[in-house]
Amino acid sequence: MKKYIRSMLVFGSLVIIPALQTTAQENQKPIKTTPKLVVGIVVDQMRYDYLTRFWDHYGDGGFKRLVNEGFNCKNNHFNYAPTSTGPGHTSIYTGTTPSTHGIIGNNWYDKTTDKIVYCASDENYVSVGTSAGTGKMSPHRMTVSTVTDELRLFTQKRGKVIALALKDRGAVLPGGHMANAAYWYNGGAEGDWISSSYYMDELPRWVKNFNSSDVVEKYKKPWTTLKSISTYLESGADNNMYEGMFAGETAPVFPHDLPAIWENNGQFDLLRGTAYGNSLTTDFALAAIDGEDLGKDAIPDFLAVSYSSTDYVGHQFGVNSKEVQDTYLRLDQDLERLLEVLDRKVGEGEYLVFLSSDHGAVDVPAYLRDQKIPAGYMDSQGMSAKFKEFMSYTYGDADVIKNYSNAQFFLDHDVIRNLDLEVKDVQYKIGQELLSYDGISRVFTGYQMEHNEYNHGIPYIIQNGYNQKRSGDILLVLNPGVVYYPETGSTHGSPYPYDTHVPLLFFGKGIPQGSTVERTEIDDIAPTISALLGIAFPSGTTGQPIEEVLD
Ligand code: ZN
Ligand code: ZN
Ligand code: ZN
């Protein structure tokens with residue numbers, strides 16, 4: 001629908017807006033739906049085709065239930081790059097892109113302090129639930145409100161917001177600035193769920209009880225396949241050269257004997273990289289529903305759950321691995337378990353769920369290359385040697401480059417001015433040099449980003465990821481299938497469909513059954529949820545409510 005609305009704007013007064021021709025029946029529709037609980041589910045690194053590829057293996061109560069009874073946006077995309085976890089979670093919950101919300105990467109070079117910063121870290125707070133530093137987090141780098149914040153404001157803080165994920169950034173950013181709590185996982189010798197003093201001074205009783213229970217211990221067991229591995233026909237051979245191994249393993253194959261490799265892989269941190277990490281997340285989500293009495297009254301609460309293990313498994317074993325397949329089959333069971341509890345405790349039809357992902361992933365480029373598909377790896381060393389030579393030939397000893405990160409070069413504007421040069425000319429000149437290197441398909445400059453408005457294709461995607469205050473001077477786009485990464489496992493970050501195309505499912509109270517192949521974009525999710533609830537849009541919203549979901 002979005003495209004349709006945009007084309008109407010182009011033709012201005014000539015069109016008759018169909019929405020004005022409402023029938024009496026439509027006028028009687030409730031102005032908002034009030035689910036008792038909204039459950040936002042983000043599956044880290046879930047490509048859209050994981051829904052379709054593993055479909056025949058899924059049970060009736062998980063993914064299939066969400067699709068068959070809910071609404072499936074089949075053509076849902078990230079509309080910015082870099083497609084990574086911090087920006088992904090933020091964009092889903094803020095209804096806008098890094099150009100507006102400011103989370104331009106997981107880590108980025110901060111021009112004002114001349115330091116690398118992490119998207120969720122905050123030295124002003126201390127860890128709660130551990131003596132380690134892993135709890136010093138807050139959403140302070142996110143410069144706009146989230147849909148969860150708007151729910152808190154709308155309900156006079158009577159609606160609760162609880163966010164949780166193994167990854168801190170998968171909980172902190174979705175929870176927003178006003179969350180009652182965000183929790184994440186501290187592995188190592190502890191295997192506990194922790195938080196930050198941003199939210200609380202002490203973990204609540206139910207979290208302490210969960211941590212002292214034996215729930216996490218029970219996952220210290222071999223990772224076997226859920227079904228017979230011979231039925232996993234939708235993925236490649238278990239043992240292949242495109243997969244990484246856990247430390248201490250001699251082949252990347254099932255069963256992965258977790259107790260045997262426990263000490264070599266960070267003890268409880270090992271669970272992150274297995275399907276069990278998602279089951280543990282589900283256990284903790286169920287404990288949160290009970291412990292916080294979520295969905296018990298008429299004022300909507302919000303539970304934001306992010307499943308991180310899918311990302312770790314994808315990074316190690318790759319899109320085409322048996323490990324990824326098993327992880328999704330097990331996640332499907334976890335979703336079924338979650339929905340069953342919601343039916344029982346909140347009531348069938350009384351809650352609203354959306355499920356999406358924070359980015360997709362590329363098939364292992366070495367595998368693609370072997371199948372004759374254009375793909376490969378950046379030769380960082382070769383490129384860096386050639387680039388240094390160019391820089392010293394062109395600018396002598398002057399230290400023009402301050403930082404390179406997230407495929408962006410940051411230049412030292414003072415040094416450039418001292419050379420009596422214009423920043424935009426230096427951006428262009430360096431950009432043209434980089435464009436001549438293998439693997440780089442396009443180069444954009446900050447000047448271009450600030451002086452043009454792109455509305456489709458790769459330039460549009462790059463511009464949505466470009467933040468005037470925070471982004472770099474020269475932005476590189478690699479060729480499709482080309483990455484900076486080891487030759488095993490999958491990664492993400494690009495503006496291409498394998499990274500941008502992710503599921504978007506709505507299910508439950510107020511959601512019609514159906515599907516669309518119209519393009520929807522990741523920043524449409526938050527305004528859609530806002531419109532369903534009748535609450536204000538997050539403060540930076542650039543997306544639009546998805547009309548068919550509101551029918
Ligand atoms: Zn991610
Ligand atoms: Zn394997
Ligand atoms: Zn990742």
Side-chain angles (χ1 to χ4, degrees), residues 41-47 50 78 80-93 98 103 105-107 118-120 165-174 184 222-226 229-230 232-246 249-258 261 272-275 277-278 281 304-329 331 355-364 366-367 406 483-486 488-494 498-503 522:
I41 300 172
V42 179
V43 181
D44 206 310
Q45 203 188 110
M46 183 170 181
R47 292 162 53 112
Y50 289 163
F78 279 84
Y80 66 83
T83 39
S84 53
T85 299
H89 284 80
T90 308
S91 299
I92 290 169
Y93 281 86
I103 303 297
N106 288 336
N107 299 280
Y118 173 61
C119 61
L166 295 183
K167 291 183 184 178
D168 50 54
R169 59 188 178 279
V172 169
L173 300 166
W184 51 98
W223 177 14
T224 53
T225 53
L226 182 68
I229 198 165
S230 64
Y232 287 14
L233 302 175
E234 296 76 13
S235 42
D238 191 15
N239 191 7
N240 67 68
M241 62 195 279
Y242 311 113
E243 299 186 5
M245 279 180 279
F246 289 118
E249 281 189 331
T250 52
V253 296
F254 283 103
H256 294 281
D257 189 355
L258 307 188
I261 57 173
R272 292 174 185 273
T274 73
N278 290 331
T281 305
V305 180
S306 174
Y307 285 107
S308 309
S309 291
T310 37
D311 183 64
Y312 294 111
V313 174
H315 277 293
Q316 181 167 336
F317 298 99
V319 163
N320 205 41
S321 63
K322 299 272 189 246
E323 283 80 357
V324 162
Q325 179 159 2
D326 192 65
T327 300
Y328 279 88
L329 266 48
L331 175 61
L355 182 147
S356 191
S357 178
D358 58 342
H359 50 76
V362 68
D363 245 309
V364 180
Y367 170 71
N406 299 314
V483 297
Y484 283 104
Y485 204 67
T488 56
S490 287
T491 190
H492 48 85
S494 83
Y498 50 79
D499 282 337
T500 64
H501 189 197
V502 295
I522 206 71

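For clarity, every value in this text was computed on a predicted model and none was experimentally measured. Start at 1 and go down the list; that is how both ligands and their atoms are numbered.
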Q.
How long is the straight-line distance from CD1 of I229 back to OG of S235, given to the nearest 0.5 Å?
A. 7.5 Å
Q | Shell of protein N/O/S atoms around the Zn ion (ligand 2), taken as anything under 2.8 Å | A | D238 O, D238 OD1, E243 OE1, P252 O, E323 OE1, E323 OE2
Q) Between the side chains of D363 and Y498, is a donor N or O closer than 3.5 angstrom to an acceptor N or O? A) no
Q: Determine the minimum heavy-atom distance between G86 and I103, stating which atoms define it.
A: C-CG2, 3.6 Å
Q. For the residue pair Q325 and Y232, what are the closest heavy atoms and their distance?
A. OE1-CB, 3.5 Å
Q.
Within the 3.5 Å criterion, strictly below it, is a donor on T85 or N106 matched to an acceptor on the partner's side chain?
A. no
Q) Can you tell me if T274 and H256 form a side-chain donor-acceptor pair at under 3.5 Å? A) no
Q. Parallel, tilted or perpendicular: which fits the ring planes of Y367 and Y242, with parallel below 30° and perpendicular above 60°?
A. perpendicular
Q. Donor-acceptor pair, N406 side chain versus N107 backbone, under 3.5 Å?
A. yes
Q: Provide the atom name of the closest N, O or S atom of H315 relative to the Zn ion (ligand 3).
A: NE2
Q: State yes or no: are the ring centers of F317 and Y312 separated by less than 6.0 Å?
A: no
**Q.** Polar contact flag, side-chain donor to acceptor under 3.5 angstrom, S84-H492
**A.** no
Q.
Suppose the cut-off is 2.8 Å; how many protein N/O/S atoms fall inside it around the Zn ion (ligand 1)?
A. 4
